[in-house]
Amino acid sequence: MMADSPRQRVVIVGGGTAGWMTAAALAKLLGGRCDIRLVESAEIGIVGVGEATLPHIRAFNERLGIREADFMAWTRGTFKLGIEFRDWGRVGDSYVHPFGTFGRGHGQVDFHHYWTRLKMAGVDVPPLEEFSFACMLARLNRFDVPSTDPQSLASTFGYAYQFDATLFAPYLRSLAENLGVRRSEGLVVGVTRDGESGDIASITLRDGEVIEGDLFVDCSGFRSMLLGGALEEPFQDWSHWLPADRAMAMPCRTMTDVTPYTSAIAMPAGWRWRIPLQHRTGNGYVYSSAFLSDDKAAEALEAAVEGDPIAPPRPLRFRAGRRERSWVGNCVAIGLASGFLEPLESTSIYLVQAAITALIELFPEKQVSRVDRDEFNRLIDLEYDRIRDFLILHYHATTRDDSPFWDYVRTMPIPDSLAEKMELFRRRGRVVKYREGVFLDASWIAVYVGQGIVPEGYDPRAEAADAAGLIAGMRTLHGDIRAAVSAMPAYLDYIRRHCAMADAA
């Protein structure tokens, strides 16, 4: 931006995680290009029921200069190596979707092709997840940060965070305000649009104050006050593929193991989350109202939690899908105002982060460019669409027929894009590769194999390895992973030493 160019007036409507993440990032990374004002009301609550994240949040925090130990202690956070899925493919099954690779993570042919070759030859090889460093850390309840040596097995995994969402936004607010963000308390009661362009010119608060801006960021949650309300951007409803439209949330005291992973436990009409934090465990039942009433969902959750409840069950309502465009005119929607995908794979904060990153890279210099706006929408649509397919896979790849809900998702028509991916893996163990998108090969492989989609073939290049040498190498690798994981600190010991919350130190 030229030195004499005017600073952009950015107005963020809504606080919470999305609003304060946006404010902090813009202030830190584009502070010289914009004046930022965030409007929120204490009368409007936040969804915050406990957040489980993906590893990408670590890079976001680092860009903002956030020290991990301080952040974890403040938000009472724990480390997350992946997600455990119980009873999804069939009742009694359990697998971990790891943040990391299978095998050593390098080579001409992906590790699972060699594993498939031996399985098809009748060789008794350990389950695939026992060749994942992250899975073994999770199963043995151990943790340490990954090695920086790319030759080390301990470099083949990553990690994310689990934290108290009600503490995350205040943490970011303090950071953002120290960087010059101005906060206004108030309810937005009116939106004025420019009569010529149709862009948003200003918002009006209940006390009569009018706030003008050049760029408006809608972080108003499910209400989508600006994009969905004032600009009437249509919503693509995906509930026929992702029928869960309710959640019953309830925290409890921790009376079982604090684990380095989030659990997603299948239930008769959906699934139950378990997110262990330092001070409590977050629980929730995500379900479809077409198959279960709110009262029955609350009863099922109360019966299933593994500790004394701290609060009664709290209902949440939502609808899976996204706006047809997330950036219209001079209004960008971030977070729930843009779309919603259920928390099965902990993608909510990632989608906020992806939108913020794209906005920063395409930030308008003077006027909003149509080309930049179209590119933003392409990137965000791609993220939503590919995550959508990944989530549908979990439901559809099941043999369960023990309830009407599971009958429905097992037999429902699925998007062609997902059907093609599943067929490619089933035939040849091939994972569709993308240059963009959040979930890489290991994520898809974990769910495919974990839910019973085992390849009927493999990459022919896997035949180049000598069979006896391949078997010996796998045994050595299996033992090396087990030994290296066993030498790492116990999970809670690591947390207590490095990032214990203040009143637990």
For Glu345, the salt bridge (charged side-chain N to carboxylate O under 4.0 Å, His left out) test, sequence neighbours excluded, returns none
* To do: Look only at the side chain of His396 and the backbone of Val409, and say whether a donor-acceptor pair between them is shorter than 3.5 Å.
  => yes
Residues passing the salt bridge (charged side-chain N to carboxylate O under 4.0 Å, His left out) test with Asp389, sequence neighbours excluded, are Lys421
| message | Under 6.0 Å between ring centres: does that hold for Phe102 and Phe131? | response | no
Residues pairing under salt bridge (charged side-chain N to carboxylate O under 4.0 Å, His left out) where one sits in residues 236-253, two or more places apart or in two chains, turn out to be Asp237-Arg319, Arg246-Asp294
Taken in chain and number order and not counting sequence neighbours, the residues that satisfy ring pair (Phe, Tyr, Trp, His ring centres under 6.0 Å) with Phe143 are Phe79, Tyr159, Tyr494
Contacts satisfying salt bridge (charged side-chain N to carboxylate O under 4.0 Å, His left out) that involve residues 259-276 (not counting sequence neighbours) are Arg274-Glu306
Margin query: If you define the side chain from C-beta out and look only at heavy atoms, does anything of Gln451 sit under 4.5 Å from His394?
Written below: yes
Above 12 or not: heavy atoms from other molecules or residues under 6.0 Å from CZ of Arg317?
no
Exceeds 12 heavy-atom contacts within 6.0 angstrom, atom CZ of Arg410: yes
Is Asp493 salt-bridged to Arg496, cutoff N-O under 4.0 Å?
yes
Those residues at least two apart in sequence (or on a different chain) that pass salt bridge (charged side-chain N to carboxylate O under 4.0 Å, His left out) with Glu302 are none
Practice task
Classify the angle between the aromatic ring planes of Phe291 and Phe405 as parallel (below 30°), tilted (30 to 60°) or perpendicular (above 60°).
Solution key: perpendicular
Residues passing the side chain to side chain donor-acceptor pair (under 3.5 Å) test with Arg142, sequence neighbours excluded, are none
For residues 469-486, which side-chain N or O atoms pair as donor and acceptor with protein atoms under 3.5 Å away, sequence neighbours left out?
unit_1, atom_1, unit_2, atom_2, d
Thr476, OG1, Ala472, O, 3.1
His478, NE2, Glu130, OE1, 2.6
Ser486, OG, Arg482, O, 2.8

Can you tell whether the side chains of Glu463 and Arg117 come within less than 4.0 Å, N to carboxylate O?
yes
Exercise. Does the ring center of Phe425 lie less than 6.0 Å from the ring center of Trp444?
Worked result: no
Check: For the rings on Trp88 and Tyr395, is their centre-to-centre separation under 6.0 Å?
Finding: yes
- Item | Any side-chain donor near an acceptor of the partner, Thr281 and Thr254, under 3.5 Å | yes
Sorted by chain and residue number, the side chain to side chain donor-acceptor pair (under 3.5 Å) partners of Ser326 (sequence neighbours excluded) come out as Ser338
Residues at least two apart in sequence or cross-chain that pass side chain to side chain donor-acceptor pair (under 3.5 Å) with Asp385, listed by chain then number, are Arg322
Subject >> Heavy atoms from other residues, nucleotides or ligands near CG of Asp466 exceed 12 (cutoff 6.0 Å) >> reply: yes
Residues pairing under salt bridge (charged side-chain N to carboxylate O under 4.0 Å, His left out) where one sits in residues 55-68, two or more places apart or in two chains, turn out to be Arg67-Asp70
Sequence neighbours excluded, the answer for ring pair (Phe, Tyr, Trp, His ring centres under 6.0 Å) partners of Phe168 is Phe71, Phe163
